[in-house]
S.K.: 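Dumping the structure here so I can ask a few things about it.
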Amino acid sequence: NAGVTQTPKFQVLKTGQSMTLQCAQDMNHNSMYWYRQDPGMGLRLIYYSASEGTTDKGEVPNGYNVSRLNKREFSLRLESAAPSQTSVYFCASRSQVTSSYNEQFFGPGTRLTVL
Amino acid sequence: DAKTTQPNSMESNEEEPVHLPCNHSTISGTDYIHWYRQLPSQGPEYVIHGLTSNVNNRMASLAIAEDRKSSTLILHRATLRDAAVYYCILIRGDTGKLIFGQGTTLQVKP
């Protein structure tokens, strides 16, 4: 049981390049989330998927797209990377959509630098 | 989403109890109080949550004020491994969305 896995762990891009961050969970969770964390800050929600086939914007969605490929996988795409997107990206999953029990399980993060 | 206020940093000595405060004066009746922590270079991890009553689990205790406008996370015996950023977060039960503030950085001295 690997929990939440993210690939890659590190990535350096040039401005304007595109890339996709991959996330997978093996806990049969319904909901999945993408956050970014800038230095010295708390995490901010980019997009989330309450269930397979649905996605919604979070606090900071501009410059990103997401795909809920199936129940296990939720990818985050940067179409044209900008230096302001330099950050650590965390994926998380949660078992229930409507529940007071909100434990989210986080992956180890992807450290992205855009030059 | 309702806001929370936490001290930027706190210090503790190893083996001593730690009380981490959180103010949430605009909390609504359906908001649950959650605590997460983030160890260095790791993703956040769930610590504890509650609604009105005090809660205990293997990691910590959560004391909630009677008016629910504040809460305190209690680590009964701090260890060096408890050094982390602790986030107090209010969540409406049906959203699942975590809104992180800046949290409290806890330093534990040997």
Side-chain angles (χ1 to χ4, degrees), chain A residues 2-7 9-10 21 23 25 27 29-51 54-61 68 74 87-111, chain B residues 1-9 20 22 24 27-53 55 57-60 62 64 68 84-106:
Chain A
V4 179
T5 56
Q6 293 183 237
T7 55
K9 286 188 169 54
F10 300 94
L21 282 64
C23 174
Q25 52 90 10
M27 297 174 282
H29 285 172
N30 291 321
S31 303
M32 297 185 74
Y33 306 81
W34 275 106
Y35 297 86
R36 62 177 285 175
Q37 185 173 34
D38 298 330
M41 305 285 289
L43 283 71
R44 291 184 291 170
L45 182 64
I46 306 171
Y47 269 95
Y48 68 103
S49 171
S51 61
T54 69
T55 60
D56 284 288
K57 294 178 180 179
E59 296 175 83
V60 288
R68 184 73 183 267
F74 189 37
S87 191
V88 181
Y89 291 83
F90 290 100
C91 178
S93 70
R94 171 176 171 250
S95 64
Q96 300 255 349
V97 173
T98 55
S99 169
S100 66
Y101 183 52
N102 263 287
E103 181 174 2
Q104 290 189 18
F105 295 82
F106 285 80
T110 294
R111 190 175 296 273
Chain B
D1 296 291
K3 282 199 154 186
T4 62
T5 304
Q6 300 176 252
N8 286 334
S9 62
L20 297 164
C22 180
H24 28 79
I27 191 170
S28 79
T30 56
D31 286 340
Y32 285 78
I33 302 160
H34 282 70
W35 284 81
Y36 279 72
R37 73 178 186 181
Q38 187 173 21
L39 302 172
S41 300
Q42 294 189 27
E45 63 175 347
Y46 168 86
V47 177
I48 200 167
H49 82 285
L51 181 63
T52 56
S53 304
V55 184
N57 66 21
R58 64 175 179 80
M59 288 182 72
L62 177 60
I64 301 172
R68 302 212 321 128
V85 180
Y86 286 79
Y87 296 99
C88 169
I89 303 168
L90 302 182
I91 304 174
R92 302 264 154 86
D94 59 351
T95 66
K97 295 187 289 184
L98 299 178
I99 307 297
F100 288 81
Q102 290 199 302
T104 297
T105 300
L106 175 66

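Lettering follows sequence order; numbering is per chain, from 1. The basis for the numbers below is simple: all heavy atoms, side chains too, and nothing from hydrogens, waters or symmetry mates.
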S.K.: CZ of A:Arg111: more than 12 outside heavy atoms within 6.0 angstrom?
M.R.: no

S.K.: Going from CD on A:Glu59 to CZ on B:Phe100, what distance comes out if it is rounded to the nearest 0.5 angstrom?
M.R.: 10.0 Å

S.K.: Could you tell me the separation between the CD1 atom of B:Ile89 and the CD atom of A:Gln104, rounded to the nearest 0.5 Å?
M.R.: 8.5 Å

S.K.: So, for A:Gln37 and B:Tyr87, which heavy atoms are closest and what is the spacing to 0.1 Å?
M.R.: NE2-OH, 3.4 Å

S.K.: Locate the shortest heavy-atom distance separating B:Tyr46 from A:Glu103; write the atom from each residue and the value.
M.R.: CB-CG, 3.4 Å

S.K.: Just to verify, what does A:Arg44 make a salt bridge (charged side-chain N to carboxylate O under 4.0 Å, His left out) with, not counting sequence neighbours?
M.R.: A:Asp38

S.K.: What I'd like to find out is whether the side chain of A:Phe106 reaches to under 4.5 Å of the side chain of B:Leu98, using heavy atoms alone.
M.R.: yes

S.K.: What residue pairs, at least two apart or across chains, pass salt bridge (charged side-chain N to carboxylate O under 4.0 Å, His left out) with a residue in residues 35-47 of chain B?
M.R.: B:Arg37-B:Glu45, B:Arg37-B:Asp82

S.K.: Using a cut-off of under 4.5 Å for heavy-atom pairs, which of A:Gly58, A:Gly109, A:Pro108, A:Gly42 has the most such pairs with chain B?
M.R.: A:Gly42

S.K.: With a 4.5 angstrom heavy-atom cut-off, which part of A:Leu43 approaches chain B: side chain, backbone, both or neither?
M.R.: both

